[in-house]
Amino acid sequence: MAQWCANVGVDMQIYFIAALLSLQVELHVHLDGAIRIKTIIEVAKWREITLPAGSEDEMKDLCKMHEPGTLTEFLGKFNHYMHAIAGDREAIKRIAYEFVETKAKEGVIYVEARYSPHLLANKGVDPLHWNQKPGDITPDDVVDLVNQGFKEGEKAFKTKVRSILCCLSHMPNWSMDVVELCKKYSKDGVVGIDLAGDESMDCVSYPGHKRAFEEAVRSEVHRTVHAGEVGHAGVVREAVEVLKAERIGHGYHTLEDQALYKQLLQQNMHFEMCPISSRLTGACDPDFTKHPLITFMKDKANYSLNTDDPTIFDSTLNSDYQVVQKYMDFTEEEFKRLNINAAKSCFLPAEEKEELLEQLSKAYGMLKSTGF
Ligand SMILES: *[C@@H]1O[C@H](CO)[C@@H](O)[C@H](O)[C@H]1NC(C)=O
Ligand SMILES: *[C@@H]1O[C@H](CO)[C@@H](O)[C@H](O)[C@H]1NC(C)=O
Ligand SMILES: [Zn+2]
């Protein structure tokens with residue numbers, strides 16, 4: 001299985017699917033896990049910031065997960081480069097702009113990118129991450145800068161992009177800030193709130209997060225929560241019942257509680273699935289042919305396919321599509337169905353969602369009345 005990526009590129013049938021599905025929707029990708037290594041190196045040079053490796057190849061090698069590891073190991077990868085980007089206006093704008101370019105090249109027409117404004121700021125954040133020097137960029141400035149980059153990118157590359165702002169599980173005292181930013185920018189690029197971080201700490205229902213998500217419900221801010229990735233099904237239940245999540249990030253371990261799984265199928269809960277990520281973070285069995293996603297697919301669950309952190313998994317959305325086609329027998333119909341479900345479950349306002357669905361239906365050559 002370690003060789004899974006070696007021969008996917010030469011499979012003709014896969015090319016066919018990739019070409020067919022040049023219009024995709026992605027709902028779960030971290031902006032700070034999707035930065036070009038080349039950009040990290042250039043920014044570090046101009047800011048005179050030291051990186052743990054000199055060349056692009058060495059840096060790439062250091063930042064990527066080679067073999068299935070743990071979520072903690074994965075989270076450690078950010079320590080190699082976030083200090084180069086965080087706290088710099090040009091760098092923050094640039095990674096946002098380049099993100100749109102990357103997604104446009106992958107054939108994504110609509111993407112929801114997520115990030116923690118606090119992790120890219122260097123003012124008004126306690127404690128500061130990445131051993132940065134304090135500066136003058138607040139989390140609010142970060143959202144503004146990312147918005148600028150996204151807007152310029154959208155204009156240049158035609159891929160529509162919106163943001164989800166992340167609370168971090170181990171920083172419950174940032175969460176109220178995060179929901180306030182979601183409210184402030186709700187007409188300007190931000191469509192939802194997320195809870196990310198190390199789920200194994202069991203902090204989904206910490207009062208800080210709970211209060212923030214209650215405020216999100218009150219203010220009609222859309223909600224997604226990382227749950228059931230490495231954590232148990234109980235975390236998924238808490239995400240739905242306590243935090244009122246409308247979508248679940250990952251959710252693989254929901255299957256361990258069949259009653260909950262059935263209930264969520266009935267409720268049409270949307271699951272943001274990230275196959276390559278789940279293998280490399282050790283969230284799932286490294287053998288793709290035993291992946292929980294196969295069950296979700298067979299049960300016609302409501303889910304999308306996503307990259308999560310392409311820099312660290314050295315992947316593209318197309319590699320995730322190739323994996324499920326090669327190892328999980330995904331059909332063309334299923335690719336269409338899951339993208340339509342992604343569009344239906346996105347956090348855009350109703351009218352824009354309708355437009356997106358129309359674009360997809362047209363592209364997939366089907367009438368809107370076919371029951372998708
Ligand atoms: C927020 O929580 C962190 C970690 O528990 C702590 O170090 C910091 O002092 C707290 N900040 C505030 C403003 O309470
Ligand atoms: C997925 O969720 C969306 C949004 O609630 C809904 O419109 C769609 O019908 C759902 N799909 C399935 C297969 O449940
Ligand atoms: Zn994630």
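We count ligands from 1, going down the list as the structure has it; atoms in each ligand are counted the same way.
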May I ask you to establish whether R279 and F288 are in a cation-pi arrangement, using a distance under 6.0 Å from NZ or CZ to the six-membered ring centre and at most 45° from the ring axis?
-> yes
State whether the number of non-hydrogen atoms from other residues, nucleotides or ligands found under 6.0 Å of K353 atom NZ is greater than 12.
-> yes
Interfacing atoms of ligand 2 (cut-off 4.0 Å, heavy-atom, N302) = 1 (C), 2 (O), 3 (C), 8 (C), 10 (C), 11 (N), 12 (C), 14 (O)
Specify whether an N/O/S atom of D308 falls short of 2.8 Å from the Zn ion (ligand 3).
-> yes
S345 N/O under 3.5 Å from ligand 2 N/O = yes
For atom 5 (O) of ligand 2, what's the nearest protein heavy atom and its distance?
-> K344 O, 4.6 Å
Determine, counting only non-hydrogen atoms of the protein, whether one lies under 4.0 angstrom from atom 14 (O) of ligand 2.
-> yes
For H30, what is the atom name of its N, O or S atom nearest to the Zn ion (ligand 3)?
-> NE2
Can a salt bridge be assigned to the pair E333 and R337 using a cut-off of 4.0 Å between side-chain N and carboxylate O?
-> no
Number the atoms of ligand 2 from 1 as they appear, then name those within less than 4.0 Å of a heavy atom of N268, with their elements.
-> 1 (C), 2 (O), 14 (O)
Is H28 close enough that one of its N/O/S atoms sits under 2.8 Å from the Zn ion (ligand 3)?
-> yes
Run the salt-bridge test on K38 and E98 with the 4.0 Å N-O cut-off and return the result as yes or no.
-> no
Decide if the gap between the ring center of Y110 and the ring center of F347 is smaller than 6.0 angstrom.
-> no
Backbone or side-chain N/O/S of H226 under 2.8 Å of the Zn ion (ligand 3) | yes
H28 and H226: aromatic ring centres closer than 6.0 Å?
-> yes
Worked verdict on F271 versus Y252 for ring pair (Phe, Tyr, Trp, His ring centres under 6.0 Å) | CA-CA 9 Å; F271 294 89; Y252 319 112; 9.1 Å; no
Is N341 close to ligand 2, meaning an N/O of one under 3.5 Å from an N/O of the other?
-> yes
